[in-house]
Amino acid sequence: MKDIDKSFKKDTETDFPLREEMRPRKVTTPDGQVIDIDPLQDYFCQEPPKVHRKSYSAIVEGFYNWARANSLWILGFGTGCGAIEMRPLMTPRFDAYRYGIQWRPTPRQSNLLVISGYLSVKTLKRAIRAYEQMPQPKYVVGLGSCTINGGMYWDSYNTIKKLDEYLPVDLYIAGCMPRPEALLAGLMDLKKLIRKGEAEGANRYAENFDWYKANQKSVIKDWDMPDYSW
Amino acid sequence: MSFEWIHVAYAALTLFIVINYGMIMTALVRKIGARVSGRYGIPIWQNYIDLAKNIALRSKVTHGAMFYLGPVFRLTGGVGLLLFVPTIYGSVMHQNFSYAGDLILALYFVFFGTLGMALGAGESGHPHAAIGVSRGLAQVTTAELPLALAVYALSLQYQTIDITEIVAAQQGSLFNWTLFTNPLATVAALFGLVGTMMRSPFDVVMAPQEIPIGPPTEYHSSYLALMQTNRVLFPVAKVVIFMNLFFGGATNWAEFAVKAFAIYMIPVLIGVVNPRFRVEQSIRFFLKWGLPVGILAIVTV
Amino acid sequence: MGSLRDVLSPFTAWKHVIETPVTLKNPIGREAADRYRGFHQNDTEKCIGCGSCETICQNAAIDMVPVDDPKEGDSGLRPQIDYGRCCWCALCVDVCMTGSLTMSNEYTWVDTDPDAFRFIPGVDEKPWDAIAKGYQRPGERMLSGLTRPEMMEMEPEARIDNFDEIVAGYSREQAVLEADRCVECGLCVATCPVHMDIPDYIAAIREGDYDLGTQILYETNPFSEVCGRVCTHKCETVCAAQYEGEPIAIRWLKRHIIDNVSEERRLEIVGTPQVLPTGRKVAIVGAGPAGLTTAYDLARQGHAVTVYEAQDHAGGMMRYGIPEYRLPYDALDRDIAVIRAQGVEIKTGVRIGSDITLAQLKADNDAVVLGIGLHMGRSTRVPGSDAPGVEAAIDLLRRITAGEEVPVPKKVAVIGGGNVAMDIARSMARLQKQKYGAVGVTVTALEDFAHFLADKEEVTESIEEGIEILDARGPQEMVTFKSGKRKGEVKGLRTWKVISIFDDQGRFAPQYDEADEIVHEAEMVVEAIGQMADVSLLGDELTEALQWNRGRIAVDADGHTSEPWLWAGGDSVHGPDVIHAVADGHKLAASVSAMLAAKAEVAK
Amino acid sequence: MFSFQPDRSQYPDIGPDGKFEIDLETGKFLKLWQGPNHPGITGNMSVELTVNGDEVVEGKTHVGYLHRGFEKLMERRTFIQVFPIVCRVCVPEPDFNEYCYAAAVEELAGIETPEKAKWIRALILEMGRFNSYMMSIGGIGGALGNGIVGQWLTYVRDLMLDRFEELTGARIYHMFILPGGVRAGLPEGFEGRMEEVLATAERYLDDTEKLLFTNAVFKKRTKGVGYIDPALFESYGVTGPNARAGGVAKDVRKDSPYLVYDQLDFDVPVEHDSDIWARATVRYRDLRVTIDLLRQILAKMPKTGEVMTSLPNVLHWKIPRGETYIKGESSRGEYGYYLVTDGSGYPRRVNVRGPSYTHAMALLEHLIPGTNIADVAALMVSLHTYPPEIER
Amino acid sequence: MRELIEHLTPRYSLGAPVFQRPGLTFVDVKRDKLRALLLDLRDKHGFTHLVLLTAVDWLEEGRFQLTYLLNNRAADQTLGLRLYLDRANPMGDTIHDIWPTAATYQRELREMFGIAFPGSPRVDEEFILEGWTDMPPYRRDFDTLAYSQQTFVERGGRETHEPRATMKHKLYPEG
């Protein structure tokens with residue numbers, strides 16, 4: 001393996017200036033208003049998420065946690081290679097439905113975001129968006145080595161290395177790629193966490209929102225996103 | 001029959017039984033579908049857990065008043081549909097308010113829920129919801145056309161629009177059922193049933209592959225819980241109408257359970273093994289096959 | 001709408017509703033295939049910490065972390081695997097030099113802590129440590145070569161009647177092939193007494209950069225050409241390649257570099273001292289590897305060095321102890337020429353004690369270094385060992401080199417199993433062949449073949465040349481003519497079978513099977529069981545003043561004797577071995593130089 | 001009755017600059033994004049649709065969600081270190097990458113592949129094709145709302161993955177085809193267990209034929225939809241089953257046989273309608289051929305022999321300057337590796353030619369205008385594209 | 001193949017061909033002759049299939065190599081045309097009107113190598129990367145590891161030891 005060139009420094013402004021569509025500009029909306037647009041700003045997350053307290057009654061919270069654990073709805077968003085091992089879970093061989101695990105096509109109805117492997121910067125933006133659209137309490141599972149420490153793409157210029165810098169992760173499943181059995185074992189562990197009331201990633205995200213946002217912004221330059229494009 | 005306050009309690013009891021029946025039965029149907037795939041499928045009580053889970057969700061994002069009201073309207077449609085037809089024929093407790101309503105009201109309720117949903121989903125501002133709604137309205141209209149014609153044929157046949165009376169006319173023998181007395185109307189109505197049960201090949205309204213589940217795409221937490229409740233209630237209520245109109249009604253809960261399940265299985269039988277039509281294909285299908293049968297039913301009465 | 005068949009046919013799918021689902025009852029923890037590549041296992045006993053796994057890992061998933069103190073041939077490091085990186089490609093298993101690294105077929109590892117996915121297989125306990133199934137390399141190592149290229153050698157018939165050099169050295173192609181096998185772990189560097197940068201010069205061969213190679217060699221070893229031929233190559237005994245296949249032929253590769261650089265070019269590359277003369281004078285007694293290395297180092301630092309040698313030529317044991325067929329004299333001369341080029345003055349034929357006294361040297365110089373070597377043979381002291389016809393191997397070798405006439409009888413018995421025994425046996429065999437056209441040498445060694453002291457190739461070559469080697473034979477008596485004209489002369493050697501050499505405490509106490517007795521017929525018995533230093537040059541007074549350690553001059557770690565002006569090193573202090581002597585030479589030079597520098601400080 | 005055929009005259013067509021002239025401000029058009037998080041998309045990519053009612057007037061494909069910069073990463077890995085990462089280029093059918101890369105390296109380094117290794121490679125490639133087709137046919141059922149086929153065929157694929165695991169030691173990324181051969185021979189009793197899988201597959205495929213290919217609704221949805229003019233095949237680089245569905249009987253396995261395909265006996269199925277139906281059918285028929293090929297390979301494979309040649313020390317393996325292109329027929333069309341070496345221990349450049357690259361980009365953009373929204377997912381699935389190999 | 005090359009060489013002043021293996025040939029072309037050659041090959045010689053279009057960065061030589069890989073499917077012949085561009089201001093000629101699919105390749109080359117193809121559809125739009133502000137990543141002088149380490153956070157706490165250095169440190173620290 002070649003050693004890295006220590007002298008490598010980015011000098012982007014002079015050599016490679018910003019593309020035209022990424023520069024701040026004025027745009028006329030369909031109804032005639034003139035608005036300022038800065039594609040490098042994240043318009044979607046101006047308002048921080050709220051911290052949601054647990055239920056006051058421990059018994060109620062316990063019951064809720066039981067229900068949450070036994071009705072895990074996973075967002076059908078295959079961010080990377082691992083998605084291919086999620087498909088067997090929905091099908092006869094492994095049939096995760098019998099454990100109360102189902103797939104939903106929309107983030108609004110999902111509780112669990114499985115980051116199935118590496119996340120390119122472009123997908124990270126969509127994954128963050130999807131995560132923020134999911135209702136509380138929500139969980140994130142990092143599937144595969146790439147989510148832990150970059151995995152195979154440790155030196156890639158386009159994938160993140162540490163998922164927990166950008167999203168609050170409840171659980172990791174190691175392997176490249178993890179088999180459906182391992183994924184299922186991970187989901188069972190997640191259930192236990194939820195029942196114990198320890199899967200409070202969403203609140204962690206809300207409490208440390210500034211930190212997460214800063215990390216996200218250090219990686220994602222272009223926050224311009226079409227509506228409803230997750 | 002006159003209204004008494006106790007009827008409200010009775011109706012609530014009926015509602016309670018029907019919802020639970022729906023919960024269990026839809027789960028069972030999903031298990032049956034899963035068997036065709038070769039799976040075990042969800043646990044039989046999964047619907048209850050999902051319901052509890054959705055209620056347990058903490059954050060609730062709203063898109064305005066109509067967004068709230070959508071599921072409420074939809075549930076109202078389901079409840080209304082159920083309450084104005086007799087669930088158990090001849091039972092004081094479970095005849096609901098059927099004396100107060102008639103076929104026209106029932107048909108109205110079938111539509112009411114859909115419209116409410118359309119409004120609510122439209123409010124969510126999601127393009128997929130909007131597409132789903134426009135598809136849904138177009139398709140439901142044509143799908144209910146044969147149903148409406150069948151109902152018309154029925155009212156001609158029995159010379160009444162009172163459901164209780166129609167049920168009463170079918171008692172006595174198996175062959176008194178409309179199914180045998182007026183098979184054409186039954187077939188026409190079944191077009192409507194299959195067309196509105198949101199199963200393949202007529203489920204393009206909420207097709208996950210094209211418009212992620214369509215109208216309810218933005219619904220979550222308690223809103224979704226409401227819709228879920230409705231989703232188990234509404235089909236059963238619809239099935240109850242069919243049972244009453246064409247299959248002789250039910251005189252006790254056991255008969256109800258069996259008949260409702262059997263009728264419910266008709267669209268399931270078709271749905272599990274077929275891909276879905278595009279919306280204009282299903283419209284054309286109903287116009288081409290459902291509508292003539294319905295007209296024929298009226299003509300032959 | 002199509003035919004009715006198209007409408008009805010799909011409903012056949014409903015037949016599956018009565019079939020038992022194909023779902024696995026309990027998929028979690030289902031056993032993976034026998035070959036499955038899951039989490040790593042490492043046999044830490046077998047692992048030598050060479051780091052090849054780390055080198056090949058394209059995910060940078062492997063770190064070498066210390067778990068133990070390094071030993072010879074074992075860096076004490078063990079691979080730590082980051083499962084935030086590992087991709088289960090098993091290249092590390094395939095490349096593993098010892099075959100210690102394997103993979104289990106376990107694959108489930110779930111944790112809430114992302115920092116937990118890192119472990120040292122075999123050290124950190126994991127549930128899959130004991131799993132026998134999983135990926136193991138099928139068959140041999142495939143990712144790097146197993147065998148070294150055949151060294152071109154003279155056939156036994158062609159070499160037995162002369163002293164020409166036997167091995168031809170590697171060709172360029174062979175050398176590149178051999179250099180290619182090296183995984184550059186560097187385990188050998190620690191084992192080499194002078195810590196030569198072995199991987200680096202092997203890499204230089206691969207690149208074809210012989211100048212660079214020469215430069216690397218001379219950084220640590222001024223006797224590179226000699227060592228390229230006769231080094232005891234301790235490095236090869238710890239080579240990572242030896243565990244599955246043959247060790248890298250490090251010695252031959254070294255020789256290959258030197259072979260490809262002309263003497264002139266070598267002088268250019270090594271150059272001459274680039275410092276001002278310091279004016280300090282150092283005398284070195286003995287122009288062997290230790291003495292000359294010391295001289296080389298000191299001369300390059302600008303000191304005036306004079307080497308005194310009793311024999312007619314410089315080189316010490318390298319010249320007089322090693323037969324020419326292993327180390328041609330001109331090769332040695334080339335190495336000495338480089339040393340001379342540093343300004344070292346070598347006075348040959350000057351015997352200290354008789355020609356000049358040590359006291360004189362002490363007076364004339366700032367420091368005196370003894371590198372006198374081991375020129376006296378040890379005796380077995382069995383009955384008859386003082387009879388005529390009993391010779392010391394080292395003495396014979398010296399005489400052969402010096403061109404003196406040595407007796408060459410038809411039958412010779414050699415006592416000893418070391419390299420010197422082989423040297424004398426093979427030398428005598430050559431002389432016999434020249435004289436009689438037949439070889440009649442028997443070597444009797446105390447050790448059995450499994451524990452033989454001599455190099456393997458020496459033994460095989462000797463046998464090829466017709467020498468009879470008998471292992472596990474203990475000499476009991478030199479049988480002499482009891483009567484006749486040659487009364488008192490040796491006529492044979494009586495040996496017993498050795499049962500064990502050492503007792504329970506590890507002391508030398510051979511046990512014999514007296515029933516198994518052989519009398520080897522021989523007109524000459526050569527004792528090759530070890531050598532000692534001739535310390536007569538010290539004189540009585542100095543001998544008295546110096547501290548001794550089991551018959552050897554006692555020195556501290558730097559080679560400094562108990563006398564402040566006197567250093568000693570090389571074979572006479574540490575036993576016979578060229579490369580050790582060179583290492584000693586460096587050490588002595590460093591110590592002397594430090595002393596001189598201190599003196600200079602004081603003088604200022 | 002009603003006419004549902006859109007009146008194309010009222011929509012602007014492609015202008016001379018290759019762009020649609022669509023004015024969103026009229027309110028007549030709606031922007032709709034399919035993907036990346038979308039069940040109708042195979043993998044992680046998105047299509048930006050501009051719709052008018054149910055009709056799509058423009059579709060732009062957006063890729064890059066899976067971009068890992070493989071071609072860059074390969075440039076800083078030694079030749080052996082590239083081997084584990086190539087399979088990741090295409091997730092559902094990874095073995096083609098391994099084969100193409102290994103063959104390219106072998107050609108430039110002058111290494112011979114042992115005969116038995118060639119057979120095992122062919123076996124692996126056909127097993128991969130089997131899996132890929134299973135996913136594709138299951139997918140087309142799913143995209144049109146029939147999930148049962150996908151359920152069945154994914155199960156069959158799982159069975160084949162078990163065989164993969166047994167043979168190669170991994171389920172998805174097999175990392176089995178090394179330059180110089182393959183890692184190991186067949187395990188004991190492999191042929192028998194493979195035959196069980198093939199028999200199960202055939203049973204499920206029979207059921208699939210009854211369920212999907214003899215299905216009025218399916219025919220209604222697929223026949224005549226998503227038509228590609230065979231005249232455009234060359235322009236858009238259409239290869240493989242997509243071209244065979246349009247009557248172009250081209251198959252690299254036949255046209256320039258690699259590995260042992262010249263010793264195998266098989267026909268290349270061809271359809272002529274060039275619509276979704278034809279593409280699904282041609283895959284279904286090709287899957288049957290693949291099953292037959294798997295049986296043939298196992299029967300004809302030599303029982304003994306080396307599977308791997310000795311490599312030079314891979315830690316410093318250098319390959320002389322040169323360039324080559326190795327291609328094979330993947331389940332989606334021509335798959336190729338363009339490898340350039342410069343005499344160092346690292347590849348100078350590796351370019352992966354995935355068939356999805358041409359199918360999912362320019363071709364899809366060309367096909368989408370005029371289709372119904374509901375058909376976009378089916379159209380994409382019918383082209384059988386895998387996004388990871390587009391962006392690499 | 002040899003006849004074809006011999007036939008074309010004088011007309012399009014091709015470089016010396018490399019016959020890599022039967023069925024695969026590489027040959028250098030000049031930029032001003034490329035278009036005519038491509039059309040000739042496509043229309044007259046059956047090379048109708050554009051297999052791929054990619055670039056190789058010869059940083060040391062200061063030029064980009066564009067490789068147009070054409071295939072004659074009937075004859076099973078592949079011809080690689082190598083075109084060299086100046087690395088300082090790389091500018092290629094679009095061939096999207098000859099093969100529409102080339103537009104995609106040209107978009108990728110534009111983004112990944114910074115080679116301009118004026119006139120190619122959507123060539124200046126973002127293709128694979130989003131919000132990329134650095135130099136085109138497939139260029140040789142772009143160091144992906146350095147970029148990655150400067151941009152992304154890695155999990156810390158890892159430390160490795162070199163066997164040789166460790167042994168030196170522990171076994172013979174003095175020399």
Side-chain angles (χ1 to χ4, degrees), chain D residues 14 17-19 60-69 71-73 75-76 107-108 232-239 243 248 250-252 254-257 322-327 334 336-338 340 342 347-354 357-363 365-366 390-392, chain E residues 18 20-24 26 42 47-61 65 67 69 71 73-78 80 82 96-105 107-108 111-112 119-122 125-130 132 137-140 142-145 147-148:
Chain D
I14 305 174
D17 59 342
K19 284 182 180 167
K60 282 185 178 178
T61 52
H62 291 260
V63 295
Y65 302 103
L66 296 171
H67 180 69
R68 293 143 280 177
E71 295 178 358
K72 187 74 186 177
L73 299 187
E75 284 173 22
R76 55 181 310 282
E107 184 178 316
L108 290 179
L232 294 176
F233 285 172
E234 302 274 315
S235 312
Y236 283 98
V238 181
T239 54
V248 179
K250 291 284 179 199
D251 188 317
V252 183
K254 274 279 186 216
D255 302 339
S256 62
E323 58 191 308
T324 190
Y325 174 73
I326 297 286
K327 64 180 173 180
E334 179 181 341
Y337 262 61
Y338 172 60
V340 183
D342 57 2
R348 184 78 196 191
R349 173 110 175 93
V350 188
N351 186 248
V352 185
R353 193 245 183 240
Y357 191 81
T358 49
H359 294 168
M361 299 290 301
L363 180 65
E365 288 184 6
H366 175 80
I390 301 174
E391 45 225 39
R392 308 181 291 276
Chain E
V18 179
Q20 177 63 26
R21 60 158 191 264
L24 179 62
F26 291 96
R42 185 188 74 168
F47 286 86
T48 50
H49 175 43
L50 175 70
V51 179
L52 57 84
L53 163 57
T54 191
V56 185
D57 184 358
W58 297 102
L59 176 65
E60 300 81 355
E61 299 164 16
Q65 169 191 334
T67 306
L69 215 55
N71 183 251
R73 297 171 100 179
D76 184 29
Q77 289 289 334
T78 306
R82 295 187 293 211
H96 75 276
D97 49 336
I98 310 180
W99 282 283
T101 192
T104 320
Y105 290 109
R107 271 179 82 188
E108 183 178 355
E111 182 165 270
M112 291 305 186
S120 183
R122 293 175 73 188
E125 285 179 32
E126 287 182 329
F127 179 45
I128 281 171
L129 303 169
E130 191 179 54
W132 186 257
Y138 278 6
R139 291 197 176 185
R140 289 291 286 193
F142 175 78
D143 186 333
T144 169
L145 178 59
Y147 179 88
S148 156

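All values derive from a computational prediction rather than experimental measurement. Numbered from 1 within each chain, the chains take letters A, B, ... in sequence-line order.
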Atom group of D:Val63 that falls short of 4.5 Å from chain E, counting heavy atoms: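 Both backbone and side chain.
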Need one label for D:Leu232: side chain, backbone, both or neither, based on atoms under 4.5 Å from any heavy atom in chain E.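 For D:Leu232, neither part sits under 4.5 Å from chain E.
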Q. Can you find a side-chain donor-acceptor pair between D:Tyr338 and E:Thr67 that sits under 3.5 Å?
A.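 Side-chain D/A pair, D:Tyr338 to E:Thr67: present.
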Is there a side-chain contact between [X] and [Y] in this structure, where contact means two heavy atoms from C-beta onward sitting under 4.5 Å apart?
X: E:Thr101; Y: D:Tyr357; result: no
X: D:Lys327; Y: E:Asn71; result: yes
X: E:Trp58; Y: D:Val340; result: yes
X: D:Lys250; Y: E:His49; result: no
X: E:Leu24; Y: D:Glu323; result: no
X: D:Asp255; Y: E:Arg73; result: no
X: E:Thr54; Y: D:Arg349; result: yes

Notebook entry, point to check: CD/D:Glu234 to OG1/E:Thr48 distance, rounded to the nearest 0.5 angstrom?
Noted result: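 Here the rounded value is 3.0 Å.
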_If we ignore hydrogens and angles and just use 3.5 Å, is the side chain of D:Lys72 paired with the main-chain N or O of E:Arg139 as donor and acceptor?_
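Here the side-chain-to-backbone pair exists.
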Under a 3.5 Å distance rule, please check whether D:Arg353 uses its side chain to pair with a backbone N or O of E:Val51 as donor and acceptor.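 Flag set: sc D:Arg353 to bb E:Val51 pair under 3.5 Å.
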ask   = With sequence neighbours left out, what residues match D:His62 under ring pair (Phe, Tyr, Trp, His ring centres under 6.0 Å)?
value =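 So D:His62 forms a ring pair (Phe, Tyr, Trp, His ring centres under 6.0 Å) with D:Trp33.
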Closest non-hydrogen atom pair between D:Arg76 and E:Thr144, with its separation: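 Scanning both residues completely, I find the closest heavy atoms to be CD-CG2, 3.3 Å.
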Query - Heavy-atom pair of closest approach, residues E:Arg21 and D:Thr324 - result: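 Looks like NH1-OG1, 3.3 Å.
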### Task
Kindly write out the residues that satisfy side-chain hydrogen bond (donor to acceptor under 3.5 Å, both in side chains) with D:Tyr236, not counting sequence neighbours, or none if the list is empty.
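D:Tyr236: side-chain hydrogen bond (donor to acceptor under 3.5 Å, both in side chains) contacts with D:His366.
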